[in-house]
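Heavy-atom basis, side chains included; hydrogens, waters and symmetry copies ignored. Numbers restart at 1 for each chain; the letters A, B, ... are given by sequence-line order, proteins then strands.
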There are 2 protein chains.
Amino acid sequence: MKSYHHGNLKQELIDCACRLCERDGYTKLSIRSLAKESGVSQTAPYRHFETKETLYASVATEGFKKLSKACHIDADKKITKKHLVEIGCNYIEFGLKNANTYDLMFGTAVGNFAEYPELLESANSTYENMRLSFSKLASDSDEVIAFKCITLWSMVHGLVGILRKVQVVGDDFDEGVGPISTASVIATNLEDHLDKVLTGLIQS
Amino acid sequence: MKSYHHGNLKQELIDCACRLCERDGYTKLSIRSLAKESGVSQTAPYRHFETKETLYASVATEGFKKLSKACHIDADKKITKKHLVEIGCNYIEFGLKNANTYDLMFGTAVGNFAEYPELLESANSTYENMRLSFSKLASDSDEVIAFKCITLWSMVHGLVGILRKVQVVGDDFDEGVGPISTASVIATNLEDHLDKVLTGLIQS
DNA sequence: AATTTAATGTTAGCAGTGTAAACATGATAG
DNA sequence: CTATCATGTTTACACTGCTAACATTAAATT
């Protein structure tokens, strides 16, 4: 009883892609399998996504929207260092819990964000979130605020990458004081850790 | 006049893979093109690399060796904060100049380092370099040293990722005080930046 | 030195991929 | 009611990773 036209294919493809991407990693995602999953012919997705990269861009856009939401602090409240720590924690938590999507968002799968306006906007809004919070924390110049944003962002981004990678780097010489145990300690005391590194940053 | 047996195929494949990987990114690397480039049949590489991931692992191993070398500080000298800054700078410089190889080393192309002993060793030696330097900087416990390593590593790793990504994130609202200009400022004043963030870390 | 064995190469072929071109269907605008 | 256009299908091409069966030659064993 299914009709020739699907009706809502694009959104269904995106949803499905997000799911499969997070489950198996974006490398394992194929347009054909996606089409099959949606009960549609192999090339139907091409009516909605010019290339595979366009599909990637859509998945990444969804990712940035979720990340933005996860890092959003209610704007009415007064912002304190604690809030910044919370943002950082939420960011890292997102990166660790949505590792495969995170790879797509920050890897090279989508080469040039500027080619995908929605992706650009969602990515920038993540930054804008952070910018706003810093601007409410202290009356810094725009330059200083941007500097603090980039610094915090690179810190939490780096932690996501290293915390993930360390798990995979072998425990030959760990013995409770090596990188793995240490990473695990950091991961379970994220707030403390971020508080520490943020203190220096905010005072600067 | 070429003989049936190549003689040095494995090494030539690795070298060639490193070159192509850095030039075009590891996604564009195919075993078949690699074989053609080395003047050998499509499936000859399979005598030396069980799967494509094994080849990736070899390229990543080379990458970690180079990274280790780039971050090596002569062990005889007394280590100062300046040396740590230099290590960080060299690390970041490597990441930015060998971006595609860096992706392979820190992405998910090679799932489990433990399956590739040489990769494991070369990756760990990068860490070990850092560990040694920190241990010569101050008489901290092994735990504290490991903590400082992970923190520094995540900082420089994060900077590599963000500095690269920001270039690609659109400049709609940059106007000289946005993320792009800021990232560029940080990139051209890496030493200052690392000095700043390291000061807090070392004192902790 | 002759012969067996193992390492390294080739050929042929399968299943899967991204993508383009030509065609089919049906919702919608005139 | 009809023409148009968005959306779907079929077919096809060039490419991929990888396997199996076979060829060649270097190395080990007798």
Using whole Å, report how far [atom1] of [X] lies from [atom2] of [N].
X: A:N8; N: D:dT7; atom1: CG; atom2: P; answer: 11 Å
X: B:L9; N: D:dA26; atom1: CG; atom2: C1'; answer: 16 Å
X: A:Y56; N: C:dG18; atom1: OH; atom2: C1'; answer: 10 Å
X: A:I31; N: C:dT19; atom1: CD1; atom2: C1'; answer: 8 Å
X: A:E12; N: D:dG8; atom1: CD; atom2: C1'; answer: 14 Å

Are the side chains of [Y] and [X] in contact, using a 4.5 Å heavy-atom criterion?
X: B:F113; Y: B:F64; answer: yes
X: A:Y56; Y: A:F49; answer: no
X: A:R164; Y: A:D103; answer: yes

- Message: Can you tell me how far apart CG (A:L67) and CG (A:N98) are? Round to the nearest 0.5 Å.
- Response: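 Rounded to the nearest 0.5 Å, the CG-CG separation comes to 9.0 Å.
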
- Query: Can you tell me how far the CD atom of B:E12 sits from the CG atom of B:L34, to the nearest 0.5 Å?
  - Reply: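 These two atoms lie 9.0 Å from each other.
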
- Item | Verdict with supporting geometry, A:F134 and A:H83, ring pair (Phe, Tyr, Trp, His ring centres under 6.0 Å) | CA-CA 10 Å; A:F134 269 114; A:H83 288 114; over 10 Å; no

- Query: Counting only non-hydrogen atoms, which of residues 106-119 of chain A are less than 4.0 Å from DNA chain D?
  - Reply: none

- Side-chain (B:S38) to main-chain (B:A35) donor-acceptor, under 3.5 angstrom: no

- Query: Looking at residues 42-54 of chain B, who's got a heavy atom less than 4.0 Å off DNA chain C?
  - Reply: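 Heavy-atom contacts with DNA chain C come from B:T43, B:A44, B:R47, B:H48.
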
- Does any residue of residues 15-30 of chain A have a heavy atom under 4.0 Å from DNA chain C, and if so, which ones, in number order? A:L29, A:S30

Could you tabulate the donor-acceptor pairs under 3.5 Å formed by side-chain atoms of residues 13-23 of chain B, not counting sequence neighbours?
| residue | atom | partner | partner atom | Å |
| --- | --- | --- | --- | --- |
| B:D15 | OD1 | B:Q11 | NE2 | 3.0 |
| B:E22 | OE1 | B:T101 | N | 2.8 |
| B:E22 | OE1 | B:T101 | OG1 | 2.5 |

- Message: Which residues pass the side-chain contact (heavy atoms from CB on, under 4.5 Å) test with B:K196, not counting sequence neighbours?
- Response: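 side-chain contact (heavy atoms from CB on, under 4.5 Å) list for B:K196, sorted by chain: A:F147, A:S204.
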
- Query: Which of parallel (below 30°), tilted (30 to 60°) and perpendicular (above 60°) describes B:F106 and B:H157?
  - Reply: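 B:F106 vs B:H157 ring planes: tilted.
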
Run the side-chain donor-acceptor check on residues 187-194 of chain B: report pairs under 3.5 Å with partners two or more places apart or on a different chain.
| residue | atom | partner | partner atom | Å |
| --- | --- | --- | --- | --- |
| B:T188 | OG1 | B:S184 | O | 3.0 |
| B:T188 | OG1 | B:V185 | O | 3.0 |
| B:N189 | ND2 | B:V185 | O | 3.2 |

- Task: Measure distances between side-chain N and O atoms of A:R32 and base N and O atoms of C:dG16, and say whether any donor-acceptor pair falls under 3.5 Å.
- Result: no

